[in-house]
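Computed from a predicted model, the values in this text were never measured in an experiment. Only this structure's heavy atoms are used, side chains among them; waters, hydrogens and symmetry mates stay out.
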Amino acid sequence: MYEKLKNNYLVSIEGKNVYDFLKRIIKEGIEIKKIEYKDIHHLYILISREDYKTLSKIKTSYKIKVKKAYGEALMKHFLKKHAFYLFSLCISFFFLVFLTHIITEVEVIHTDKNLREALTDVLKKEQIKPGSFTKNYHQVQNIKKKIMEKYKENIEWVEVERVGTKYIIRVEERILPLKEEEKKPSHIVSNSHAIIKSVEATKGEIVKQKDAYVKPGDIIISGDIYLNEELKDQVASEGKVYGEVWYTTTIEYPYLYEEIKETGRTKKIFTFTFLNKRMEFTKNPFKEKKITAKTILKNNLFPISFQQENQKEVIVIKQDLTKEEAEEKALEEIKKKIEETLKEKEYIISIKKLKVEENNSKIIVEAFVSVYKSIGVRQDAEIISKEEINSEE
């Protein structure tokens, strides 16, 4: 076994009488480390790489062939046999690396066209432009610093992100605080048909109390300030009003229920995509999963990419529902959709079925929903001049 690990060849010899040729090999001083006879016309010998060179010179009419190489000889034999393939692979790899370090696109994201063009010019001077080489972390930080120094009066922050061979520049413009304008006189009015459940005013006068019914446009907090039934002043009303409002909503729900649940198991893996074929570098992949992917390497000229994925295992639950179960699921879906629209402190008071119909493979549920929510909106008041107010006095 030790001899095999050295720089050796296992050589096949075939000919008229290999025993005669074997005597000549020994006479030439070639060291035979191992010999295996097949028959009178064929045998195998294990010799060193240097002795193989001598053997090649005296082979005469015998057929000599290397069957296996060991040690350094194995590597040299492999490199010689696959030289063109290995050379092509190396050239392709270096060409791919070269292409993935060439900038193909630069995008400045901002609504101001003039600011976008100004930043694009700065980036070009710093060689962040199509056709240039990508930058390392420290180079990018220095470029960001230069931009901030040049536009410190106009820019709050700037971010330079590399996505594959594309650079995305995000900018937040510095907005100087404006002087607070004097607020115009206004009322807080109802935006819905509702029963008032809570009303608080920090400015203005409350004219509708708790449990009062209001229609859209009814004044709840007035900006007109009265004293002894005389108008003394007008202000911009401020306050919060919550009321009970009502909705009638209809939803269709299938009898065949399907739900996707996460199991809690997660994986971080690498994937390789070529054309439309995706390969995962992992053992025991999840059968069903949710994937969040981050591209590590991508080339716009070749249909290949390399990603890191965060995977969450999920299970898909399918179930045929009864009518009662479908009704319950439909009401839960109504509740879920309404809750998605509610703000802080708002909530559903009650949900009641009004009508239920069946249509082939689904159920149609109409429901009455009562919701506790904000109903106060600002409305400009009719402005009365100070002269008119004083004349009333």
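Side-chain contact check for Y37 and H42: no donor-acceptor pair (N or O, by modelled atom type) lies under 3.5 Å. Side-chain N/O atoms of Y253 and E327 include no donor and acceptor closer than 3.5 Å. In this model, a donor atom of one side chain and an acceptor atom of the other lie less than 3.5 Å apart for Q311 and E280. If you check the side chains of Q307 and T271, you find a donor sitting under 3.5 Å from an acceptor.
L123 contributes atom CG, which lies 5.5 Å from atom CD1 of I128 (distance to the nearest 0.5 angstrom). K353 NZ to E328 CD: the interatomic distance, rounded to the nearest 0.5 Å, is 9.5 Å. The distance from the CD1 atom of I351 to the CD1 atom of I348 is 4.5 Å, given to the nearest 0.5 Å. Between the CD atom of E288 and the OG1 atom of T263 there is a distance of 11.5 Å, given to the nearest 0.5 Å.
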- CA sep, side-chain torsions, deciding dist, call: Y19, I40, side-chain contact (heavy atoms from CB on, under 4.5 Å): CA-CA 7 Å; Y19 298 115; I40 194 173; 3.4 Å; yes
- Message: Does S370 form a side chain to side chain donor-acceptor pair (under 3.5 Å) with E244? I'd like the steps, not just the answer.
- Response: CA-CA 7 Å; S370 175; E244 181 180 350; 2.6 Å; yes
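Between F368 and Y247, the distance from one ring center to the other does not fall under 6.0 angstrom.
Cluster annotation: Y137 is not connected to F133 through the hydrophobic network of ILVMFWY side chains, with a link wherever side-chain heavy atoms come within less than 4.5 Å. Under the 4.5 Å side-chain heavy-atom criterion for Ile, Leu, Val, Met, Phe, Trp and Tyr, V66 and L22 are members of the same hydrophobic cluster.
S190 places a side-chain N or O within 3.5 Å of a backbone atom of S192 that can act as its donor or acceptor partner. The backbone N or O of S186 sits less than 3.5 Å from a side-chain atom of S237, completing a donor-acceptor pair. The closest donor-acceptor contact from the side chain of H187 to the backbone of G223 lies under 3.5 Å. Between the side chain of E333 and the backbone N or O of E252, no donor-acceptor pair lies under 3.5 Å. A distance-only check finds no donor-acceptor pair linking the side chain of N142 to the backbone of Q139 [under 3.5 Å].
Annotation for I47 and E31: closest pair CG2-O, 3.5 Å, computed over non-hydrogen atoms.
Ring geometry, Y372 versus Y242: the interplanar angle falls under 30°, so the pair is classed parallel (tilted spans 30 to 60°).
The 12-atom threshold is exceeded at CD of Q127, counting heavy atoms of other residues, nucleotides or ligands nearer than 6.0 Å. The number of heavy atoms from other shown groups lying within 6.0 Å of NZ (K197) is above 12. No more than 12 heavy atoms of other residues, nucleotides or ligands sit less than 6.0 Å from atom NZ of K312. Within a 6.0 Å sphere centred on NZ of K267, heavy atoms belonging to other residues, nucleotides or ligands number more than 12.
We find that E346 and K343 are not joined by a salt bridge, their nearest charged nitrogen and carboxylate oxygen being 4.0 Å or further apart. Salt bridge absent: K268 and E309 never bring a charged side-chain N and a carboxylate O closer than 4.0 Å. Salt bridge absent: K362 and E357 never bring a charged side-chain N and a carboxylate O closer than 4.0 Å. A salt bridge does not link K34 with E36: every distance from a Lys NZ or Arg NE/NH1/NH2 to an Asp or Glu carboxylate oxygen is 4.0 Å or more. Look at K232 and E230 and you find a salt bridge, because one of the NZ, NE, NH1 or NH2 atoms lies within 4.0 Å of a carboxylate O, short of that distance. Between R170 and E161, at least one side-chain N (NZ, or NE/NH1/NH2) sits under 4.0 Å from a carboxylate O, which counts as a salt bridge.
With I375 as the partner, the side-chain contact (heavy atoms from CB on, under 4.5 Å) test is satisfied by one option alone out of D218, V189, I195, N191: N191. The one candidate from K144, K135, K145, K146 that meets the salt bridge (Lys or Arg N to Asp or Glu O under 4.0 Å) condition with E126 is K146.
Residues I169 and I109 have side chains not in contact (no heavy-atom distance under 4.5 Å, counting atoms from C-beta outward). The side-chain heavy atoms of V11 and Y44, taken from C-beta on, include no pair separated by under 4.5 Å.
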